[in-house]
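Here is the naming used below: chain letters follow the sequence lines, and residue numbers restart at 1 for every chain. Keep in mind that the numbers below use all heavy atoms, side chains included, and drop hydrogens, waters and symmetry copies.
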Number of protein chains: 2
Amino acid sequence: MKNMKKTHPYHHGNLRVELLQVAQKILLEKGVEEVTIREIAREIGVSHAAPQRHFRNRQDLLDSLAVQGFSQLEKVLKAGSLDSEVPLLERLNNAALSFAHFAADNAALFELMNSSKCCDDKLGVMKEASESAFSPILELIISGQEQKIIQSGNPLKIGLVLYATLLGITTMVNGELIERDRLDDFVLDSMDHFLKGYRY
Amino acid sequence: MKNMKKTHPYHHGNLRVELLQVAQKILLEKGVEEVTIREIAREIGVSHAAPQRHFRNRQDLLDSLAVQGFSQLEKVLKAGSLDSEVPLLERLNNAALSFAHFAADNAALFELMNSSKCCDDKLGVMKEASESAFSPILELIISGQEQKIIQSGNPLKIGLVLYATLLGITTMVNGELIERDRLDDFVLDSMDHFLKGYRY
DNA sequence: ACCTGAACACCGTTCAAGT
DNA sequence: ACCTGAACACCGTTCAAGT
């Protein structure tokens with residue numbers, strides 16, 4: 001494993017992308033602590049100073065990982081909510097379950113995405129990424145309101161309360177305060193409750 | 001600041017407690033990254049190896065900090081919910097606000113408390129501490145059910161959904177995804193919604 | 001424009017030795 | 001039982017120098 005040094009040209013050409021790939025792999029397999037500039041560089045076979053051309057510092061790399069995570073989450077949510085064959089409330093449940101499963105299956109990444117520390121200058125990008133990930137759920141709520149399935153009211157606010165509930169549940173599961181095999185049950189329960197409050 | 005070396009006896013006598021105090025101070029003032037064994041030891045004026053008698057390693061110290069945090073949260077929740085002059089639903093709202101304010105005012109500590117990584121052998125203690133902190137809210141829900149203000153049903157489950165919602169909202173505020181000055185508004189809104197679903 | 005190698009200041013952790 | 005000092009292996013970050 002130590003001597004995997006691939007034969008790279010002096011100019012790697014694709015280093016930024018590969019740095020993020022390897023970083024995410026380490027993050028998921030071994031946790032944030034192990035996501036170190038030097039270890040990533042080692043794995044790729046590049047000097048430990050090379051990454052600095054692409055990321056100002058370690059935090060900058062972690063931030064980029066989080067942004068990437070949000071766009072992965074967005075894809076998952078879209079997949080779970082776009083199928084218009086299925087009735088809207090069911091799609092909402094599916095989206096909620098997709099969210100929860102993504103969080104549970106990528107615990108370390110998800111925790112990073114919801115961590116409070118990030119470079120000040122990346123706060124804007126981060127917010128955009130998370131709002132974008134959140135948008136499929138927002139769409140469902142707006143559709144629900146149009147179809148008179150969900151009560152009228154600021155959809156953004158309604159959506160954020162829903163998002164917060166799911167975020168809380170998954171955080172508790174990842175912290176092992178709720179058993180993993182009760183996750184689906186909890187999510188569906190809270191969705192029922194959510195709808196009881198907002199349904200016509 | 002560097003030469004504050006107090007005149008300690010060789011045996012400090014109270015080191016464990018002081019380590020935790022200084023650690024929490026650094027955590028709140030400068031963030032987790034800065035909570036280092038060596039910095040804490042320096043501040044107290046003891047050798048950097050001394051803490052190892054009291055905490056197996058850095059994670060063990062962070063875990064203890066989290067447990068301490070839960071008991072602080074418990075106090076805050078009790079204070080906000082015990083005043084029996086006030087009607088029960090109002091006490092529930094107060095407890096929710098107390099929870100949110102604790103989380104926002106002690107962001108780094110709160111994040112640590114809800115972080116997924118902790119020594120395997122401390123998982124039990126951590127779970128107990130968090131359940132204990134949660135108990136005042138559980139009590140309120142049970143009282144509410146007895147007084148026929150809140151619907152019957154597993155109070156633990158109802159409470160966990162409420163807890164999750166609050167946890168999610170505060171996580172989003174601490175991650176600056178929701179503006180801090182909208183915190184109270186969000187909390188009260190979600191409490192309204194919570195009660196709409198569970199009230200008689 | 002991109003990467004290397006050496007240097008620096010910081011960590012956590014261990015362990016023989018001191019009190 | 002508790003603490004010290006030195007040692008070790010690891011970091012992140014910087015910067016002159018190489019391609």
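Per the geometry, CD1 belonging to A:I44 stands 10 Å off P belonging to C:dC3, to the nearest Å. Distance, B:N14 CG to D:dC2 P: 12 Å, rounded to whole Å. Rounded to whole angstrom, the span from the CD1 atom of A:I37 across to the P atom of D:dT14 amounts to 11 Å. Here D:dC10 presents its P atom at 13 Å from NZ of A:K30, a figure rounded to the nearest Å. In this entry the distance linking CZ of B:R38 with P of D:dC11 reads 16 Å, nearest Å. One atom, CD of A:Q52, and another, P of D:dT14, lie 7 Å apart when rounded to the nearest Å. Taking atom CD of residue B:E43 and atom C1' of nucleotide C:dC11, one finds them 17 Å apart after rounding to whole Å. Atom CG in A:L15 sits roughly 13 Å away from atom C1' in C:dA1 (whole-Å rounding).
Residues A:D63 and A:V125 form no side-chain contact, since every pair of their non-hydrogen atoms from C-beta on lies 4.5 Å or further apart.
Contacts between residues 56-67 of chain B and DNA chain C, defined by a heavy-atom separation under 4.0 Å, are made by B:N57, B:R58.
Atom NZ of B:K196 has more than 12 neighbouring heavy atoms from other residues, nucleotides or ligands inside a 6.0 Å radius. Dense packing is recorded around CD of B:Q151, with more than 12 heavy atoms of other residues, nucleotides or ligands lying under 6.0 Å away.
Stems are defined here as 3 or more consecutive Watson-Crick or G-U wobble pairs with pairing distances under 3.5 Å; those involving DNA chain D are C:4-8 with D:12-16, C:12-16 with D:4-8.
Of the residues A:E34, A:E43, A:E39, A:E18, the one that meets the salt bridge (Lys or Arg N to Asp or Glu O under 4.0 Å) test with A:K25 is A:E43.
Counted by atom type alone, A:Q59 and B:E33 present zero donor-acceptor pairs between their side chains at under 3.5 Å.
Contact detail for A:R56 and A:D121: the closest heavy-atom pair is NH2-OD1, 3.1 Å.
The side chain of A:H48 lies closest to D:dT14 when the candidates are D:dA6, D:dC3, D:dT14.
Of the possible donor and acceptor atoms, none in the side chain of A:R16 sits under 3.5 Å from a partner among the backbone N and O of A:R53. A:Q145 places a side-chain N or O within 3.5 Å of a backbone atom of A:G153 that can act as its donor or acceptor partner.
In summary, the aromatic rings of B:F99 and B:F110 are positioned with their centroids under 6.0 Å apart.
Remark: B:T36 is in phosphate contact with C:dG12, judged by side-chain N or O atoms under 4.0 Å from OP1 or OP2. A sub-4.0 Å separation between OP1 or OP2 of D:dC15 and a side-chain N or O of A:R53 is absent.
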